Participant: 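One structure coming up, written as structure tokens, with questions to follow.
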Amino acid sequence: MRLGFFGDVVGRSGRAAVAEHLPRVRAELALDFVIVNGENAAGGFGITESTAQEIFQAGADCITLGNHSWDQPEALTYILREQRLLRPYNYPQTLQIPGRGAQLFTTPAGKRVFVVQIHGSAFMEPLDDPIQGVARALEEAPLRRVADAVIVEIHAEATAEKMTLAHYVDGRATLVVGCHTHIPTADCQVLANGTAYQTDAGMCGDYDSVIGMKKAPIVQRAATRLPSERKSPADGPATLCGVYVESDDNTGLAKSIEPIRIGGRLQETMPVTSR
Ligand SMILES: [Fe+2]
Ligand SMILES: [Fe+2]
């Protein structure tokens with residue numbers, strides 16, 4: 001299978017980059033399944049039904065959220081109606097959290113893709129233990145037995161926490177990919193037991209910014225220690241940022257992983273397979 005994962009869409013300019021570039025990328029790479037993180041799609045904070053629709057219409061099969069899932073309160077009810085929208089899986093099970101943290105999808109070609117979002121615990125408000133969470137999630141739809149591909153998003157701040165979780169599930173997932181830091185890392189690789197990995201996919205946003213937000217008020221606040229205008233998304237051209245993974249249909253494991261960066265300020269890169 002040919003899979004695409006794109007990091008946090010930040011604000012209007014991030015949505016514009018997704019709308020402009022994702023349809024062509026999806027077609028050129030003949031992607032079977034596309035995941036986009038949308039936790040910052042609506043004004044940088046959370047997601048609304050209308051902003052989610054823009055991302056689905058551009059070619060996403062699944063949208064994941066994260067620590068910003070509920071910044072827009074309408075997401076609490078929208079997620080009940082929209083099976084393709086996922087929030088973190090590892091909320092404490094005793095809480096009545098709306099929506100799902102994992103979902104088994106079926107592609108038009110009949111392939112089954114299981115997507116899980118795990119929320120990290122280091123340097124962010126922790127949920128339940130990420131390792132226990134991913135172990136429990138993977139039992140729902142084991143690779144090969146139930147799912148043709150398993151994709152785990154580790155939504156976390158700390159690189160070591162992401163890499164540890166990836167090695168923990170190596171051989172049981174097709175792809176473990178991080179997001180949340182909004183900065184793409186240069187470490188994409190297929191791990192020893194066949195799971196593709198990149199610590200962070202990067203954001204779909206304007207990189208002339210502080211992780212997608214207008215830079216001037218943030219710099220001013222840091223320099224003066226005084227309040228500045230509220231954070232809002234930077235509005236220059238955004239970079240579509242993500243990873244492309246090709247999996248082996250027999251094993252469900254990854255054959256290759258390559259970065260994708262298109263538009264905006266970052267150096268562009270497209271998978272070699274598309275040339
Ligand atoms: Fe984010
Ligand atoms: Fe996040």
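Note that the structure is a prediction, hence the values are computed from the model and not measured.
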Participant: I'd like to know if the side chain of Asn67 pairs up with that of His155 as donor and acceptor (distance under 3.5 Å, no hydrogens or angles considered).
Facilitator: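 Per modelled atom types, Asn67 and His155 side chains form a pair under 3.5 Å.
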Participant: Could you give the distance from CD1 (Ile131) to CG (Asn90), rounded to the nearest 0.5 Å?
Facilitator: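 Nearest 0.5 Å value for the CD1-CG distance: 10.5 Å.
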Participant: Does a side-chain heavy-atom distance below 4.5 Å link Phe6 with Ile260?
Facilitator: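 They are in contact (side-chain heavy atoms under 4.5 Å apart), so the answer is yes.
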Participant: Quick one about Asp206 and Ser13 (side-chain donor to acceptor, distance below 3.5 Å, no hydrogens or angles considered), yes or no?
Facilitator: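 Note: Ser13 and Asp206 side chains miss the donor-acceptor criterion.
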Participant: Is there a path of hydrophobic side-chain contacts, each under 4.5 Å between heavy atoms of I, L, V, M, F, W or Y residues, that connects Val116 with Val36?
Facilitator: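 No.
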Participant: If you compare all heavy atoms of Ser209 against all heavy atoms of Met203, which two are closest, and at what distance to 0.1 Å?
Facilitator: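 Between these two residues, the closest heavy atoms are OG-CE, 3.9 Å.
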Participant: Whether the Thr64 and Glu153 side chains hold a donor-acceptor pair (N or O, under 3.5 Å, no angle test) is what I'd like checked.
Facilitator: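 Yes, a side-chain donor-acceptor pair sits under 3.5 Å.
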Participant: Determine, step by step, whether Val25 and Tyr244 satisfy the side chain to side chain contact (heavy atoms under 4.5 Å, CB included) criterion, reporting the C-alpha distance in whole Å, the side-chain angles of both residues, the deciding distance to 0.1 Å, and the verdict.
Facilitator: CA-CA 10 Å; Val25 168; Tyr244 163 72; over 6 Å; no
Participant: Would you mind reporting whether Met124 and His119 have side-chain heavy atoms less than 4.5 Å apart?
Facilitator: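 They are in contact (side-chain heavy atoms under 4.5 Å apart), so the answer is yes.
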Participant: Sequence neighbours excluded, which residues qualify as ring-ring contact (aromatic ring centres under 6.0 Å, His included) partners of Phe5?
Facilitator: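 Checked Phe5 against ring-ring contact (aromatic ring centres under 6.0 Å, His included); zero matches.
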Participant: Would you call Asp61-Arg26 a salt bridge at under 4.0 Å N-O?
Facilitator: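 Result for this pair is yes, salt bridge flagged.
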Participant: Show the numbers, then the answer: is there a side chain to side chain contact (heavy atoms under 4.5 Å, CB included) between Phe123 and Glu161?
Facilitator: CA-CA 10 Å; Phe123 313 122; Glu161 180 170 43; over 6 Å; no
Participant: So, are Arg112 and Asp148 salt-bridged, with charged N and O less than 4.0 Å apart?
Facilitator: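 Yes, charged N to carboxylate O under 4.0 Å.
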Participant: Would you please name every residue forming a side-chain hydrogen bond (donor to acceptor under 3.5 Å, both in side chains) with Lys255, sequence neighbours left out?
Facilitator: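 Residues passing side-chain hydrogen bond (donor to acceptor under 3.5 Å, both in side chains) with Lys255: none at all.
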Participant: Assess whether a salt bridge exists between Lys214 and Glu229, defined as any Lys/Arg side-chain N lying under 4.0 Å from an Asp/Glu carboxylate O.
Facilitator: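 No, no charged N to carboxylate O under 4.0 Å.
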Participant: His68: what forms a side-chain hydrogen bond (donor to acceptor under 3.5 Å, both in side chains) with it, not counting sequence neighbours?
Facilitator: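 Expected list: Asp71.
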Participant: For the CD atom of Gln103 and the CD atom of Glu140, what is their distance to the nearest 0.5 Å?
Facilitator: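 Output value for this atom pair is 9.5 Å.
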Participant: Determine the sole option in Val169, Leu138, Thr195, Leu253 for which the side chain to side chain contact (heavy atoms under 4.5 Å, CB included) test with Leu143 is passed.
Facilitator: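 Exactly one pass, corresponding to Leu253.
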Participant: Give, for atom CD1 of Ile79 and atom CG of Leu86, the distance between the pair rounded to the nearest 0.5 Å.
Facilitator: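 Between Ile79 CD1 and Leu86 CG, I get 7.0 Å after rounding to 0.5 Å.
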Participant: Less than 4.5 Å apart, any side-chain heavy atom of Glu54 and any of Val9?
Facilitator: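 Heavy-atom side-chain distance check fails, nothing below 4.5 Å.
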Participant: Would Val152 and Val176 count as a side chain to side chain contact (heavy atoms under 4.5 Å, CB included) here? Give the steps.
Facilitator: CA-CA 5 Å; Val152 178; Val176 175; 4.1 Å; yes
Participant: May I ask you to say whether Asp208 pairs ionically with Lys215, meaning some side-chain N is under 4.0 Å from a carboxylate O?
Facilitator: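 Yes.
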